[in-house]
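Numbers restart at 1 for each chain; the letters A, B, ... are given by sequence-line order, proteins then strands.
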2 protein chains.
Amino acid sequence: MSRTEPRATGFIPVSPPTLADVAERAGVSRQTVSNAVNNPDLLRPGTLERVRQVIEEMGYSPNRAARNLRTRSSQLIGLRVAPAQEGTANAMMDRFVHTLVDTSAEAGYHVLLFAGDNEDPVGGYENLMRSTAVDAFVVTDTYLGNPQAAWLSEHRAPFVAFGRPWDDPAATHPWVDVDGAAGTRLATEHLLAKGHTRIAWIGWRKDSPIGEDRRAGWLGAMHDAGLPTTGLASRVEDSVQSGAGAAAVLLDESAPTAFVCASDTLAMGVLHTLWIRQLAPGTDIAVVGFDDSQVAQVFPVGLTSVRQPLEDVAVAIVRALEDLLSHLPATTSGVLLTPTLAVRESS
Amino acid sequence: MSRTEPRATGFIPVSPPTLADVAERAGVSRQTVSNAVNNPDLLRPGTLERVRQVIEEMGYSPNRAARNLRTRSSQLIGLRVAPAQEGTANAMMDRFVHTLVDTSAEAGYHVLLFAGDNEDPVGGYENLMRSTAVDAFVVTDTYLGNPQAAWLSEHRAPFVAFGRPWDDPAATHPWVDVDGAAGTRLATEHLLAKGHTRIAWIGWRKDSPIGEDRRAGWLGAMHDAGLPTTGLASRVEDSVQSGAGAAAVLLDESAPTAFVCASDTLAMGVLHTLWIRQLAPGTDIAVVGFDDSQVAQVFPVGLTSVRQPLEDVAVAIVRALEDLLSHLPATTSGVLLTPTLAVRESS
DNA sequence: AACGACTCCTTGATCGTTCCAATCCAGCTG
DNA sequence: CAGCTGGATTGGAACGATCAAGGAGTCGTT
């Protein structure tokens with residue numbers, strides 16, 4: 001009687017079996033089937049086996065909408081994707097999304113992408129939260145003082161940030177980040193070990209906390225080695241042209257033998273300048289980039305680059321999400337991971 | 001009475017308002033509120049206005065799970081992401097996903113990413129379909145004779161493919177693809193217009209229908225121009241090294257003045273060889289790649305490349321999905337779009 | 001023999017929405 | 001004025017799962 005007549009008619013796709021269908025066929029109650037799926041321990045082994053077999057036979061999977069409605073959870077994690085824009089190297093995001101999807105799948109979650117609107121950055125979040133479409137969010141762009149983290153905190157929406165709360169160290173939300181300073185320190189020490197002493201820095205303008213963090217790693221390593229840094233640093237915007245320009249100026253004025261850059265994009269610029277000047281990367285002048293992007297890997301001269309452990313970031317984020325959603329007291333509020341160095345021909 | 005006491009207690013996030021809450025406050029029935037949201041035309045203007053105001057006041061959004069359960073649709077589109085793997089240039093996928101998310105948002109859909117397992121390529125699809133978690137799928141990797149399209153067709157799962165059904169021209173599912181041959185023809189004709197006559201081809205092995213398609217564009221353009229092609233083509237696997245090797249051989253044996261490549265990866269290899277031989281791309285030898293990937297854009301010498309109209313692909317896919325899900329007769333089964341040429345310094 | 005404790009399973013209610021059929025009401029017709 | 005029409009609104013049922021109680025049945029204890 002749960003399978004009324006009109007449901008099986010016509011060429012319209014036949015509805016999948018329900019809990020009640022399985023129950024009837026197995027000669028047990030709905031709840032028992034439910035338990036077979038969600039709490040197998042509650043059933044006697046014999047019953048469990050029988051129910052499982054019927055489930056298999058009928059190809060039953062719990063209807064997600066019904067389950068979501070009842071349990072008030074969707075097993076979905078929302079991830080905002082910025083509007084498609086040209087040029088910006090988001091190959092890193094690609095790697096991150098892949099690992100996030102893989103990792104959260106293991107924890108029983110799927111990833112829901114939603115469109116971001118630059119005009120109204122929190123609109124998408126609000127919508128999904130109010131309609132209880134996702135259980136939590138992963139927020140990735142916490143760098144510029146964007147209002148998302150604050151807004152989500154205020155509205156008590158569960159979320160984990162990829163990126164430290166730079167502007168508000170007192171923020172209480174969980175976050176995972178990569179230690180940029182440790183990365184550039186790694187790069188600089190690698191160059192020091194190779195015998196370089198005049199190691200230049202090309203980074204971003206002062207208003208980027210991430211940029212300042214990365215710069216600090218270079219500066220610290222140089223100071224620890226007792227080396228001077230005056231005239232060896234420059235701050236430009238993140239583009240190939242700017243990187244090329246900065247490299248040209250530094251080469252003319254300070255004669256460095258190596259460059260550490262805040263991004264692969266800037267490093268590309270350096271390589272460009274070297275190329276024009278007929279200097280061989282790696283032999284004449286060493287170059288290290290940041291992010292280990294696609295370009296670093298395929299460039300005719302492989303670019304040594306600081307590589308973020310995005311797999312570990314994804315794992316940490318998913319773990320934080322699980323803690324958050326199980327209403328456990330958060331184990332820790334922030335996790336800081338250390339990058340590695342992918343060494344190639346350019347250094 | 002719909003708002004029982006315990007719901008508003010404690011620090012546990014207060015439940016969002018429901019249809020019934022809005023109805024009570026507005027002094028109308030649930031159904032009327034529902035109509036205000038979904039079928040405004042059915043309401044008298046005055047009523048509509050009043051209900052809308054209450055909705056606004058209370059910050060009401062329909063609960064997605066409940067709606068999904070009742071309507072048997074989730075407004076979600078499933079997209080499988082291949083397991084994270086190193087090296088393969090999927091920056092194109094990145095661009096595609098962005099535009100797909102944007103486009104489907106306009107049509108009221110979100111994109112659900114799910115993990116793919118190489119062992120069991122259809123497992124993820126089956127799961128989501130049986131649990132009615134998504135309304136349809138977008139399948140992107142139809143190149144190698146993978147079983148997904150066939151499996152989905154067989155199980156009557158709604159889906160649209162990005163990529164032609166090469167192995168089965170009789171397949172009836174909707175698809176959208178980019179005309180690779182037209183792209184390489186465009187590239188070749190661009191080079192012909194620049195005065196080149198000895199234009200070489202570096203492509204993939206014969207078992208790739210996409211590769212053969214792209215090759216055909218070059219071949220056709222050369223034939224149409226009455227130019228010989230013997231000794232000017234080579235087939236290798238898709239890697240920088242292979243491209244570099246092929247370029248070296250071709251330069252030695254056939255003295256081409258230009259290269260058309262089946263991918264940016266191969267074009268990178270060509271540039272590498274030119275670099276080693278101190279030949280200037282663009283002035284000495286012209287090079288054209290395929291996909292307009294990140295590397296093409298930032299390479300010290302900008303790489304001319306065939307650019308797939310991924311935005312248009314996304315739009316066409318979403319349109320096909322809408323047709324499919326509204327149970328309209330599909331307007332057309334397949335859509336073939338023409339790429340453009342992004343001209344840079346290398347040609 | 002009665003009782004509680006425990007295991008295993010079942011029953012009714014519920015989540016929040018939309019579908020369906022029924023009802024109300026004003027305006028028109030004959 | 002009854003009868004009809006059609007637009008606006010309503011109440012009950014259903015979607016398919018889980019939750020919260022409650023019943024059998026078995027066992028050991030008093």
Side-chain angles (χ1 to χ4, degrees), chain A residues 1-7 14-51 54-55 58-75 130-133 135, chain B residues 1-7 13-51 55 58-75 130-133 135:
Chain A
M1 83 163 255
S2 82
R3 177 92 326 155
T4 51
E5 198 229 317
R7 291 182 70 180
V14 65
S15 333
T18 73
L19 206 55
D21 298 329
V22 176
E24 191 179 8
R25 179 108 147 234
V28 295
S29 70
R30 300 188 320 270
Q31 185 61 42
T32 300
V33 180
S34 174
N35 285 335
V37 175
N38 301 310
N39 301 84
D41 298 345
L42 296 181
L43 298 194
R44 207 174 349 181
T47 318
L48 178 58
E49 180 52 37
R50 187 156 39 95
V51 174
V54 176
I55 287 178
M58 304 182 73
Y60 167 78
S61 294
N63 179 305
R64 265 197 146 80
R67 172 180 278 183
N68 295 349
L69 175 59
R70 188 66 246 232
T71 63
R72 299 167 166 279
S73 86
S74 62
Q75 301 296 103
R130 286 207 314 208
S131 59
T132 62
D135 290 348
Chain B
M1 75 164 252
S2 82
R3 177 91 331 149
T4 51
E5 198 231 316
R7 292 181 69 180
V14 64
S15 333
T18 74
L19 208 53
D21 298 330
V22 176
E24 192 180 6
R25 179 109 145 232
V28 295
S29 71
R30 297 189 320 272
Q31 185 60 43
T32 300
V33 180
S34 174
N35 285 336
V37 175
N38 301 311
N39 301 84
D41 299 344
L42 294 182
L43 298 194
R44 210 175 346 178
T47 318
L48 178 58
E49 180 52 36
R50 188 156 38 97
V51 174
I55 288 178
M58 304 182 73
Y60 167 77
S61 294
N63 179 305
R64 264 200 146 79
R67 171 180 279 182
N68 296 349
L69 176 59
R70 187 65 243 226
T71 64
R72 299 167 165 281
S73 86
S74 62
Q75 302 294 102
R130 287 206 314 207
S131 60
T132 62
D135 290 347

Among C:dT18, D:dC15, D:dA17, the one nearest any side-chain atom of A:Ala66 is D:dA17
Of the options C:dT17, D:dA17, C:dT18, whose atoms approach the side-chain atoms of B:Thr71 most closely?
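Among C:dT17, D:dA17, C:dT18, the one nearest the side chain of B:Thr71 is C:dT18.
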Using atom [atom1] of [X] as one end and atom [atom2] of [N] as the other, report the distance to the nearest whole Å.
X        : N      : atom1 : atom2 : value
A:Leu69  : D:dA17 : CG    : P     : 12 Å
A:Asn39  : C:dC9  : CG    : P     : 13 Å
B:Arg72  : C:dT17 : CZ    : P     : 18 Å
A:Asn35  : D:dC19 : CG    : P     : 9 Å
A:Asp21  : D:dC15 : CG    : C1'   : 13 Å
A:Arg130 : C:dT17 : CZ    : P     : 12 Å

* Asked: Would you say a side-chain N or O of A:Asn38 is under 4.0 Å from OP1 or OP2 of D:dT18?
  -> yes
query: For C:dT17, does OP1 or OP2 lie under 4.0 Å from any side-chain N or O of B:Ser34?
result: no
Quick check: do [X] and [Y] have side-chain heavy atoms less than 4.5 Å from each other?
X       : Y       : value
A:Val51 : A:Val28 : yes
B:Arg50 : B:Thr47 : yes
B:Tyr60 : B:Leu19 : yes

Select base, sugar-phosphate, or nothing to describe what A:Asn68 touches, counting heavy atoms under 4.0 Å on all strands.
->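 If one applies the 4.0 Å heavy-atom cut-off, A:Asn68 turns out to touch nothing in the nucleic acid.
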Quick check on contacts: within residues 41-48 of chain B, what sits under 4.0 Å from DNA chain D by heavy-atom distance?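 Contacts with DNA chain D under 4.0 Å: B:Leu42, B:Leu43, B:Arg44, B:Thr47.
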Near-strand residues of residues 25-32 of chain B, defined as heavy-atom separation under 4.0 angstrom from DNA chain D
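Under 4.0 Å from DNA chain D: B:Val28, B:Ser29, B:Arg30, B:Gln31, B:Thr32.
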What's the separation between atom [atom1] in [X] and atom [atom2] in [Y], rounded to the nearest 0.5 Å?
X       : Y       : atom1 : atom2 : answer
B:Met58 : B:Thr18 : CE    : OG1   : 7.5 Å
B:Gln31 : B:Leu42 : CD    : CG    : 9.0 Å
A:Leu48 : A:Asn39 : CG    : CG    : 11.0 Å
A:Thr71 : A:Arg64 : OG1   : CZ    : 10.5 Å

Could you work out, with side chain to side chain donor-acceptor pair (under 3.5 Å) as the rule, every residue matching [X], not counting sequence neighbours?
X       : answer
B:Glu49 : none
B:Thr32 : B:Ser29
B:Asn63 : A:Thr132

Polar side-chain contact [X]-[N] base: donor and acceptor under 3.5 Å:
X       : N      : answer
A:Arg64 : D:dA17 : no
B:Arg70 : C:dT18 : yes
B:Arg67 : C:dT18 : no

As a check of understanding: the bend across the helix from C:dA1-D:dT30 to C:dG30-D:dC1, end axes from five pairs, rounded to 10 degrees, works out to 60°
Any donor-acceptor pair under 3.5 Å linking the side chain of B:Ser74 with the backbone of B:Ala133?
yes
Exercise. Give the C-alpha distance, both sets of side-chain angles, the deciding distance and a yes or no for side-chain contact (heavy atoms from CB on, under 4.5 Å) between A:Ile55 and A:Val37.
Key: CA-CA 9 Å; A:Ile55 287 178; A:Val37 175; 4.0 Å; yes
